[in-house]
Q: 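Before I ask anything, let me first share the structure, which is written out below as structure tokens.
So that the names make sense, note that chain A is the first sequence line, chain B the second, and so on, each numbered from 1. The model shown is predicted, which means the values in this text are computed figures rather than measured ones. Computed over heavy atoms, backbone and side chain alike; hydrogens, waters and symmetry mates excluded.
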Number of protein chains: 2
Amino acid sequence: MAKARVVITLKETIMDAQGQTVEKALHNLGYQGVSDLRIGKFIEMSLDGGPKDQLESQVDEMCRRLLANPIIEDFQVEIEQ
Amino acid sequence: MAKARVVITLKETIMDAQGQTVEKALHNLGYQGVSDLRIGKFIEMSLDGGPKDQLESQVDEMCRRLLANPIIEDFQVEIEQ
């Protein structure tokens, strides 16, 4: 059984209001050195066997169909067997 | 300037209702091979310099104080310089 890990982030050109709010909160707590904070999603799942490249393209398809919004989000898929 | 990446996930013993819902949606789309799907958060930020272990313990502290809820969540910190 393989493991897939997906990281979904807003595209660089999209404003991340949630990230900006958390960055400001960290500054208020004294962490002045923090910048460019952005928040995304992390999804992990188990997958029934198959060759690695086939699983990768399957998870890629899941991202485009359901997990991510390809208009405003980028995603990275990692398969571990 | 260093980069920090944080992955925050629900502890294994905590039920992930959102993950279960997404897993069911993937099954309905025909991806029957998916199981144990869990959803977490991914946070990346830039940090002003300093030695790697110092930055790591700083981000660790941020997680415990603000970014994560250590009662129900685990977090992993990765620093790239």
Q: According to a 4.5 Å side-chain heavy-atom criterion applied to Ile, Leu, Val, Met, Phe, Trp and Tyr, with indirect links allowed, do V6(B) and L10(B) form part of one hydrophobic cluster?
A: no
Q: In Å, rounded to the nearest 0.5 Å, how long is the span from CZ of F42(B) to OG1 of T9(A)?
A: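 These two atoms lie 7.0 Å from each other.
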Q: Is it true that I39(B) and I8(B) fall in one hydrophobic cluster, defined by side-chain heavy atoms closer than 4.5 Å?
A: no
Q: Between L55(B) and chain A, which part of the residue has a heavy atom less than 4.5 Å away: side chain, backbone, both or neither?
A: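 Neither part, no heavy atoms under 4.5 Å.
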Q: Measure the spacing between CG of L37(B) and OG of S46(A) and express it to the nearest 0.5 Å.
A: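 One gets 9.0 Å once the value is rounded to the nearest 0.5 Å.
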Q: What part of L67(A) lies closer than 4.5 angstrom to a heavy atom of chain B: side chain, backbone, both or neither?
A: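 For L67(A), the side chain is the part near chain B, not the backbone.
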Q: Atom NZ in K41(B), atom CD1 in I43(A): separation rounded to 0.5 Å?
A: 14.0 Å
Q: With a 4.5 angstrom heavy-atom cut-off, which part of L47(B) approaches chain A: side chain, backbone, both or neither?
A: both
Q: Report the option among R65(A), Q58(A), Q32(A) that has the most heavy-atom pairs separated by less than 4.5 Å from atoms of chain B.
A: R65(A)
Q: Could you please state which residues from residues 12-28 of chain A sit under 4.5 angstrom from chain B, measuring non-hydrogen atom to non-hydrogen atom, sorted by number, or 'none'?
A: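 When heavy atoms of chain B are the reference, residues 12-28 of chain A contributes V22(A), A25(A), L26(A) within the under-4.5 Å range.
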Q: Sort V7(A) into side chain, backbone, both or neither according to what part of it lies under 4.5 angstrom from a heavy atom of chain B.
A: side chain
Q: Is it the case that more than 12 heavy atoms not belonging to Q76(B) sit under 6.0 Å from its CD atom?
A: no
Q: Can you tell me if CD on E78(A) sees more than 12 non-hydrogen neighbours from other groups inside 6.0 Å?
A: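 For E78(A), atom CD is not crowded (no more than 12 foreign heavy atoms under 6.0 Å).
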Q: Please report the interatomic distance CG(D36(A)) to NZ(K3(B)), rounded to the nearest 0.5 Å.
A: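 Going from CG on D36(A) over to NZ on K3(B), the span is 6.0 Å.
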Q: Do the non-hydrogen side-chain atoms of V34(B) and M62(A) ever get within less than 4.5 Å of each other?
A: yes
